[in-house]
Amino acid sequence: MDYNFTEIEKKWQTWWAENHTFEVKEDPSRPKCFVLDMFPYPSGAGLHVGHPLGYIASDIYSRYKRLKGFNVLHPMGYDAFGLPAEQYAIQTGKHPAETTDRNIARYREQMDRIGFSYDWSREVRTCDPAYYKWTQWAFIQMFNHWFNPETGKAEPISGLVEKFEKEGSADFTAAQWNAFSEKEKSDILMNWRIAYLGKTAVNWCPKLGTVLANDEVKDGISVRGGFPVEQKMMQQWQLRVSAYAERLLEGLEDLDWTESLKEMQRNWIGKSQGAEIVFNVVNGNDRYDLTIFTTRADTLFGVTFMVLAPESEWVSRLTSPDRKEEVEAYLAAVKKKTERERIAQTRKVTGVFSGSYGINPVTGQKVPIWISEYVLAGYGTGAIMAVPAHDSRDYNFAKNFSLPIVPLIEGCDVSEESFDAKDGIMCNSGFLNGLTVKQAIPAAIEYVESKGIGRRKVNYRLRDAIFSRQRYWGEPFPIYYRDGIPTALPESELPLRLPEISSFKPTEDGEPPLARAKDWTYQGYPLEKSTMPGFAGSSAYYFRYMDPHNDSGLVSRQANEYWRNVDLYIGGTEHATGHLIYSRFWNKFLYDIGYVCEQEPFRKLVNQGMIQGRSNFVYRIKNSNTFVSLGLKDNYDTTEIHVDVNIVHNDRLDTEAFRKWMPDFASAEFILEDGEYICGNAVEKMSKSMFNVVNPDNICNDYGADTLRMYEMFLGPLEQSKPWDTKGIDGVHRFLRKLWKLYHDEGNVFRVSEGKAEASELKILHRLIGKVQSDIEGFSFNTTVSAMMIAVNELSALNCDKREILEPLIVLVSPYAPHIAEEIWSLLGHTDSVSFATFPEYVEAYTVEDSVTYPVQFNGKMRFTVSLPKSLSREEVEQAIKDEPNTVKYLQGASIRKVIVVPGKIINIVC
RNA sequence: GCGGGCGUGUUGAAAUUGGUAGACAAGCAAGACUUAGGAUCUUGUGCCUAGCGCGUGUGGGUUCGAGCCCCACCGCCCGCACCA
């Protein structure tokens with residue numbers, strides 16, 4: 001019997017819980033460090049070994065920072081509202097709260113086994129009324145504020161009302177405003193509120209019976225559930241995220257995030273500089289001003305037609321009577337398509353002529369106005385000027401409908417494809433002729449501005465976030481309809497609790513499930529029936545951890561000023577354009593209203609890679625119950641069958657376990673090679689259906705949590721995706737046993753000596769200290785594990801049993817393998833947790849020998865500064881350099897292994 | 001198409017950031033102990049025509065010196081994608 005991880009881990013997990021070891025309080029005398037994991041959605045499947053990867057890294061970092069003297073806030077909670085629990089409720093009638101509670105209990109149990117140093121007293125759950133009170137509270141604040149473009153920040157809506165009362169606006173006078181009815185005033189203010197109700201094109205998912213945000217839809221399919229999505233105009237609650245586009249973009253600059261993630265956000269925000277240009281348009285005798293947006297004002301002379309989005313409100317106005325039938329047929333056809341079909345048919349050109357014409361403001365030429373789905377209603381003004389010669393989409397359209405193509409750049413060939421590059425000399429372009437494209441763009445904008453037919457304009461791709469979901473399991477809106485006027489509940493009424501309902505399905509007439517709630521009213525007025533989306537509860541949860549039990553505010557001023565924002569945030573890259581944008585927006589809003597002290601929520605962000613599954617296969621000979629080993633399978637006609645990876649070890653099948661696995665295989669026969677059944681393998685997504693899910697509990701049972709933690713780190717760089725492969729886990733486990741043996745004799749009796757450490761032993765220790773320090777701070781957790789293995793190997797080779805070495809060593813190991821460290825720490829005579837130890841100080845003198853520094857000249861040309869041990873004479877060094885200049889020289893004797901000679905640079909001595 | 005990143009043994013990967021390439025593990029091979037081993041402990045393990053030879057996707061460049069820097073090409077991964 002030696003290292004008994006089962007006993008040790010249980011013992012210390014209980015001890016930590018009983019002693020509240022990881023609970024933290026604000027402590028102004030110590031620097032703070034806020035280390036956060038993206039909290040999980042507690043799904044029914046529980047955790048697999050991929051989930052804890054980021055949690056382990058953040059836990060190591062937290063424990064390390066604690067040893068370094070930081071006051072570390074390291075909390076965990078659950079993003080507990082969401083679709084799966086509700087879908088399950090619809091199928092089974094079980095209340096989502098019940099399912100959620102059960103799943104959370106399971107998650108907690110699994111996390112506890114891994115030995116995380118979370119402060120569980122700060123746990124939050126987004127579905128808890130005491131928590132969602134503050135989600136609703138924030139919504140009311142957004143409802144009561146507007147975004148002032150002049151100051152670039154959120155301001156109370158009352159200020160806007162005052163302004164309207166005194167000055168009116170561009171659309172109405174003060175007198176008119178004051179004469180408006182309550183309803184009219186409410187409708188106008190809706191155009192300004194940060195949280196507002198408005199009609200917009202939404203992603204409607206009929207299967208889920210709800211609308212979805214852009215980031216909840218991928219390739220025309222809902223991310224949750226994978227159901228088709230279609231475009232629909234609907235009245236929905238929205239958040240005016242687009243108002244913050246510029247600040248969200250600028251804010252990225254100072255963040256310590258990966259370049260790729262910042263770039264993803266930049267793309268999502270999609271800033272483009274251009275101009276809005278007004279075209280006179282004619283439909284029979286009617287004349288209008290139609291504004292379009294373009295980034296290529298320089299191509300104005302090449303406009304040969306214009307295009308409207310099918311959803312554009314201009315369509316009805318510009319359809320001439322004789323074209324009406326055809327246009328309506330086209331609109332109906334477009335409407336019928338799902339988003340997915342629209343994407344799939346991307347290259348197929350469709351469109352219809354409206355019957356109206358636009359007048360090119362620089363040439364006076366009449367150009368036809370078309371309607372086509374390749375123009376998007378939600379971007380710019382939903383209308384474009386088409387320049388087929390220099391835009392490939394316009395080009396395809398022109399070719400398809402035989403519209404003219406006018407090239408504007410000298411020497412470009414547009415017979416086969418458009419010339420999209422912003423490069424070359426302008427021609428056929430009046431006053432722009434002779435300019436380069438780069439000169440022509442600003443020149444054209446200046447021209448249209450001076451003629452009053454357009455203006456410089458910056459456009460963003462970022463849309464407002466659709467905030468309503470026609471579902472049950474989410475936060476109810478703190479909104480009621482007073483005579484049809486959307487009104488916020490008084491804050492004193494919060495939380496507005498989710499009511500009990502008889503069935504979780506939408507009603508027969510298509511209303512959200514909340515329509516089934518009895519008495520869903522406030523003071524006799526109806527309450528809003530939709531609920532908030534998943535990202536509502538996750539947008540500001542990090543504030544709640546700072547002050548989780550505060551009943552009078554989201555977070556107290558004092559707690560917020562101490563913890564400020566997240567120093568390290570670890571989570572998956574899949575949240576790049578969802579959660580991470582919404583959180584930043586939400587945070588900036590709270591900052592604007594003076595509620596929180598930092599503009600950005602997450603200072604440093606690390607994306608852990610995904611752990612994929614490594615599937616195993618067996619090969620069944622067709623029409624038999626005989627299975628043939630991998631190497632021999634080509635001799636037979638076989639079917640490949642996924643086999644549970646938990647009954648396979650190093651690709652060798654446990655044939656007995658296989659017979660027991662499924663009744664079908666009870667009488668299975670095997671054709672072995674060398675007495676073993678070898679399985680095939682492949683890397684696939686970790687999922688139940690592939691039988692490749694590895695449960696962390698199993699690893700904890702077989703090897704212990706410390707092995708799991710170290711092995712997950714050892715697997716490779718944190719950010720990288722990699723398959724879970726149990727090969728190699730034995731190596732890590734062996735390391736922990738060796739570590740244990742360092743402190744124990746043959747009979748497993750604890751033993752250390754008090755003797756003075758040798759220089760060689762100190763050297764091993766201090767090299768490790770330096771490595772652990774620089775690697776953890778550089779998020780290179782895998783190399784630290786290797787360094788520990790080397791140190792332990794070297795120390796056991798030296799039979800080192802000195803407390804002076806072994807005590808700091810166990811502190812170094814403790815962030816990675818906290819249970820074994822805690823056990824040994826207590827054997828070393830400590831009564832306190834190793835988490836309260838101090839990180840040992842790195843002393844460089846142990847790695848570099850005593851040395852002197854002096855300059856050396858060679859050939860009168862190169863000058864070097866040489867740092868050498870006293871044991872080598874200057875003559876010896878110079879001779880060595882002369883013998884073999886400009887290269888690596890090995891010197892005998894001493895502890896010096898080479899002298900590196902670099903012109904003008906300090907010479908490096910490697911020991 | 002646009003943007004970001006990567007390419008090193010049989011495998012996961014290291015490389016003090018321009019200085020002995022392949023650390024540390026895994027696998028494989030040989031040996032020891034053993035009734036047995038998915039246990040433990042040694043030892044070996046980039047390649048070859050075995051030279052003091054060749055090797056970090058390919059070709060070139062800078063340098064005394066390149067896995068690392070520069071140019072071109074090839075291949076892979078991720079994100080965005082009718083955004084005018």
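To find a chain, count down the sequence lines: A is the first, B the second, and so on, and within it residues start at 1. Just so it is clear, the values below take in all heavy atoms, side chains as well, and ignore hydrogens, waters and symmetry mates.
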Nearest to the side chain of A/I384 - B/A84, B/G12, B/U40?
B/A84

Separation of the C1' atoms in B/U62 and B/G9, to the nearest angstrom:
29 Å

Tell me: NZ of A/K727 to P of B/C24, nearest whole Å?
20 Å

Donor-acceptor under 3.5 Å (A/T294 side chain, A/R296 main chain):
yes

Classify the ring geometry of A/H390 against A/F419: parallel below 30°, tilted from 30° to 60°, perpendicular beyond 60°.
perpendicular

Nearest-Å distance for atom pair CZ/P, residues A/F735 and B/A26:
13 Å

Among B/A39, B/C24, B/A84, the one nearest A/N793 by side-chain distance:
B/C24

C1' spacing across the pair B/A66 / B/G55, given as an integer number of angstrom
14 Å

Checking all strands, does A/N782 fall into the base, sugar-phosphate, or nothing category for heavy-atom contacts under 4.0 angstrom?
sugar-phosphate

Can you tell whether the side chains of A/R456 and A/E276 come within less than 4.0 Å, N to carboxylate O?
no

When you measure from the side chain of A/P717, which nucleotide among B/A23, B/A26, B/A14 comes out closest?
B/A14

Going by an N to O cut-off under 4.0 Å, is there a salt bridge joining A/K335 and A/E373?
no

Is there a donor in the side chain of A/N396 and an acceptor in the side chain of A/Y374, or the other way round, less than 3.5 Å apart?
no

Please tabulate, one pair per line, each protein N/O and nucleotide N/O from nucleotides 77-80 of chain B that are separated by under 3.5 Å, including the distance.
unit_1, atom_1, unit_2, atom_2, d
B/C80, OP2, A/K218, NZ, 3.4

RNA chain B: stems of at least 3 consecutive Watson-Crick or G-U pairs whose donor-acceptor distances fall under 3.5 Å:
B:1-7 with B:74-80, B:10-12 with B:24-26, B:27-32 with B:40-45, B:57-61 with B:69-73

A/I790 CD1 to B/A13 P: how many Å, rounded?
18 Å

Based on the glycosidic angle (syn within 90° of 0, else anti), state the conformation of B/G67.
anti

Check the distance between B/G38's P and A/Y703's OH and give it to me in whole angstrom.
12 Å

Where the side chain of A/E263 is defined as all heavy atoms beyond and including C-beta, which of B/G4, B/A84, B/A26 is the nearest nucleotide?
B/G4

Taking B/G59 as the reference, what is the distance to B/G38 when you measure between their C1' atoms (whole Å, please)?
48 Å

Is there a side-chain contact between A/R734 and the phosphate of B/U40, meaning an N or O under 4.0 Å from OP1 or OP2?
yes

Mutual orientation of the aromatic rings belonging to A/W370 and A/F401 [parallel < 30°, tilted 30-60°, perpendicular > 60°]:
tilted

Quick one: label A/R614 by what it contacts on the DNA or RNA (base, sugar-phosphate, nothing), any heavy atom closer than 4.0 Å.
nothing

B/G38 P sits how many Å from A/L653 CG, rounded?
14 Å

Comparing nearest nucleotides in RNA chain B, the 5'-proximal residue of the pair A/D391, A/K738 is A/K738

Neighbour count above 12 (heavy atom, 6.0 Å) for A/E417 CD
no

Rounding to an integer number of angstrom, what distance separates B/C28 and B/U11 when you compare their P atoms?
15 Å

Under 4.0 Å, heavy atoms only, any strand: does A/S260 hit a base, just the sugar-phosphate, or nothing?
sugar-phosphate

Taking the C1' atom of each, how far is B/C64 from B/C71, in whole Å?
23 Å

A/M789 atom CE is separated from B/A25 atom C1', nearest whole Å, by 6 Å

With nearest nucleotide decided by heavy atoms, which residue, A/L261 or A/G382, maps closer to the 5′ end of RNA chain B?
A/L261

Closest non-hydrogen atom pair, A/I441 against A/T295:
CG2-O, 4.1 Å

Nearest-Å distance, NZ (A/K722) to P (B/G12)?
13 Å

Among B/C82, B/C24, B/G3, the one nearest any side-chain atom of A/Y374 is B/C82

Where the chi angle of B/U17 falls, syn if within 90° of 0 and anti if not:
syn

Grab the two heavy atoms, one from A/V375 and one from A/A309, that are nearest each other, plus how far apart they are.
O-CB, 3.2 Å

When rounded to the nearest Å, what value does the distance between C1' atoms of B/U45 and B/A26 take?
13 Å

Donor-acceptor pair between A/S780 and A/D775 side chains, under 3.5 angstrom:
no

Euclidean distance for C1', B/A13 against B/G22 (whole angstrom):
9 Å

Whole-Å gap separating P (B/C82) and CG (A/L376):
7 Å

Going by distance alone, is a donor N or O of one side chain under 3.5 Å from an acceptor N or O of the other, for A/S242 and A/Y460?
no

When you compare the side chains of A/W740 and A/N748, does any donor N or O come within less than 3.5 Å of an acceptor on the partner?
yes

When rounded to the nearest Å, what value does the distance between P atoms of B/G65 and B/G79 take?
42 Å

